[in-house]
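Working notes, beginning with the structure itself.
Throughout, numbering of the chain's residues begins at 1 and tracks the sequence.
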Amino acid sequence: MELSEIREKIDAVDDQLLDLFLQRMDLSEEVAAYKNEHHLPILNKERERAILAKVTEKSGEKERFAYHLFSTLFELARSRQAELISAPTRVGAQIKAALADMNEVFPQTGLVACQGVEGANSQVACDRLLPRGNIVYVKTFQAVVSAVESGLCKFGVLPIENSSNGSVRAVYELLQDHNLSIVRSTRLCIRHELLALPGVKMEDITEIYSHEQAIGQCSKFLNGLNGVRVIPCDNTAMAAKMVAERGDLHAAAISSHPCAALYGLETVSDEIQDSDNNYTRFICVTKDPVIYAGANRISLIIACDNKPGALYEILSKLAALGINMTKLESCPVTGRNFEFIFFLELEASVQAPGVLPMLEELERSCEGFHFLGNYAEI
């Protein structure tokens, strides 16, 4: 048989498949109406498992292909049913409230909480996110959260991940424990330098101060030093300020070049970080959920059952809608053996067809679900 003839047969089969698929989706909508009326859950794992067993038994050597085909069909059907089910969800109410208060553009002004002092990378991120904002400096990430929750500041800016040193777990833990909403994010190129008082040489230094993230990003340089204590502190800019104020000729700070001029220090070395491709991502958070125009990124924290295929079921919901996932990171649950939560970031808008129902279905099916926000990154 010629290739053209085979393709003609494939085209005919495809037409039949499409007709049958549309019939199946119509029937799924009828199932959704019944489940809606009788308050039944969308997922019926027992029935799906029985169908998959029958499919694999009938498919012979092609059983694994048939298994994946029908698994995808189930997910598409569930996605459609989720769009039609009217059961209320927390995330649905949260997003609808955020959209009801939606502003046309992200504000350029406002009181914003920032961890550190003048010259900190968080301050640079604040200026980028809110160019005419009024910064309130605080000592810790927890203090940023408290300032926003109490209403002292409308916004808070926090670092959430670094390209070299990974996620800032302390910030993710705060996002888990507090009801804050991410409304914008930005990425900064980070350039660390070793700063000290004028005239200090490398061989004079016995103590180096900096934030633990910066220390991690300069680990190769620091591991190569002998007889030098590395001491973590709250912030890279605070480290530079402390070295300047103490006047200790044996102390240095890992900080930024602008902090040298700001605090009267000199650069001892500007080749200390592990990678030149060093970016830190900062988020802007608010107390009340707001979704501004142009929002195209969604952040979630989810927990799923500790069983085979649990994560696949979550990811398959994204695949069914063609949603790109830009971050997936696991984190062990404190006090529980071999149980994890997952940090997810998606390229999507809650206003796109199918996205809100997908989030609602995730909330229904996941052991834990936390919608962090839908926002734009600049």
Once you round to the nearest 0.5 Å, how far does [atom1] of [X] lie from [atom2] of [Y]?
X      : Y      : atom1 : atom2 : answer
Asp15  : Ile10  : CG    : CD1   : 12.0 Å
Ile378 : Ser185 : CD1   : OG    : 8.0 Å
Asp19  : Arg24  : CG    : CZ    : 15.5 Å
Asn278 : Gln273 : CG    : CD    : 4.5 Å
Thr286 : Arg184 : OG1   : CZ    : 12.0 Å
Leu344 : Ser330 : CG    : OG    : 11.0 Å

Checklist entry - Same cluster or not: are Val31 and Ile42 linked, directly or through other Ile, Leu, Val, Met, Phe, Trp or Tyr residues, by side-chain heavy atoms under 4.5 angstrom apart? => result no

Checklist entry - Between Phe106 and Phe155, is the ring centre distance below 6.0 Å? => result yes

Checklist entry - When the ring centroid of Phe343 is compared with that of Tyr172, is the distance short of 6.0 Å? => result yes

Answer yes or no: is there a donor N or O on one side and an acceptor on the other, between the side chain of [X] and the main chain of [Y], under 3.5 Å?
X      : Y      : answer
Arg90  : Phe369 : yes
Asn374 : Ser349 : no
Ser210 : Ala253 : no
His178 : Leu180 : no
Glu367 : Ala303 : no
Glu245 : Met242 : no
Asp204 : Lys201 : yes

[X] to [Y] - nearest heavy-atom pair and separation:
X      : Y      : value
Ile298 : Ala348 : CG1-O, 3.6 Å
Leu321 : Gly354 : CD1-O, 3.3 Å
Gly294 : Ala376 : O-CB, 3.6 Å
Asn179 : Glu149 : N-OE2, 4.2 Å
Ala237 : Ala120 : CB-N, 3.4 Å
Cys366 : Ile314 : SG-CD1, 3.7 Å

Next on the checklist: Checking Gln176 against His370 for the side-chain hydrogen bond (donor to acceptor under 3.5 Å, both in side chains) test, could you report, in this order, the C-alpha distance in whole Å, the side-chain angles of both residues, the deciding distance, and whether it holds?
Outcome noted: CA-CA 7 Å; Gln176 280 180 258; His370 194 165; over 6 Å; no

Side-chain heavy atoms of [X] within contact of [Y], under 4.5 Å:
X      : Y      : value
Ile205 : His250 : no
Ile215 : Ser219 : no
His211 : Asp234 : no
Glu361 : Met358 : no
Phe74  : Leu52  : yes
Leu195 : Glu266 : no
Tyr292 : Pro107 : yes
Val157 : Val144 : no

Output yes when [X] and [Y] qualify as a salt bridge under the 4.0 Å nitrogen-oxygen rule, no when they do not.
X      : Y      : answer
Arg191 : Asp270 : no
Glu57  : Lys54  : no
Lys327 : Glu161 : yes
Glu48  : Arg78  : yes
Glu377 : Arg297 : yes

Next on the checklist: Using the rule given for side-chain hydrogen bond (donor to acceptor under 3.5 Å, both in side chains), can you reason through Glu329 versus Ser167, listing the C-alpha separation, both sets of side-chain angles and the distance that settles it, and then say yes or no?
Outcome noted: CA-CA 9 Å; Glu329 183 174 346; Ser167 295; 2.5 Å; yes

Item to check | Derivation and outcome, side-chain hydrogen bond (donor to acceptor under 3.5 Å, both in side chains), residues Glu118 and Tyr137 | outcome: CA-CA 8 Å; Glu118 189 71 24; Tyr137 290 109; 2.6 Å; yes

Checklist entry - Where does the angle between the aromatic ring planes of Tyr34 and His38 fall among parallel (under 30°), tilted (30 to 60°) and perpendicular (over 60°)? => result parallel

Item to check | Heavy atoms of other groups near Phe221 CZ, more than 12 under 6.0 Å | outcome: yes

Item to check | Residue pair Arg229, Glu207: steps toward the salt bridge (Lys or Arg N to Asp or Glu O under 4.0 Å) verdict | outcome: CA-CA 5 Å; Arg229 293 175 60 213; Glu207 294 180 347; 3.0 Å; yes

Checklist entry - Would Thr267 and Glu193 count as a side-chain hydrogen bond (donor to acceptor under 3.5 Å, both in side chains) if you check the C-alpha gap in whole Å, the side-chain angles of each, and the deciding distance to 0.1 Å? => result CA-CA 6 Å; Thr267 300; Glu193 297 184 2; 2.6 Å; yes

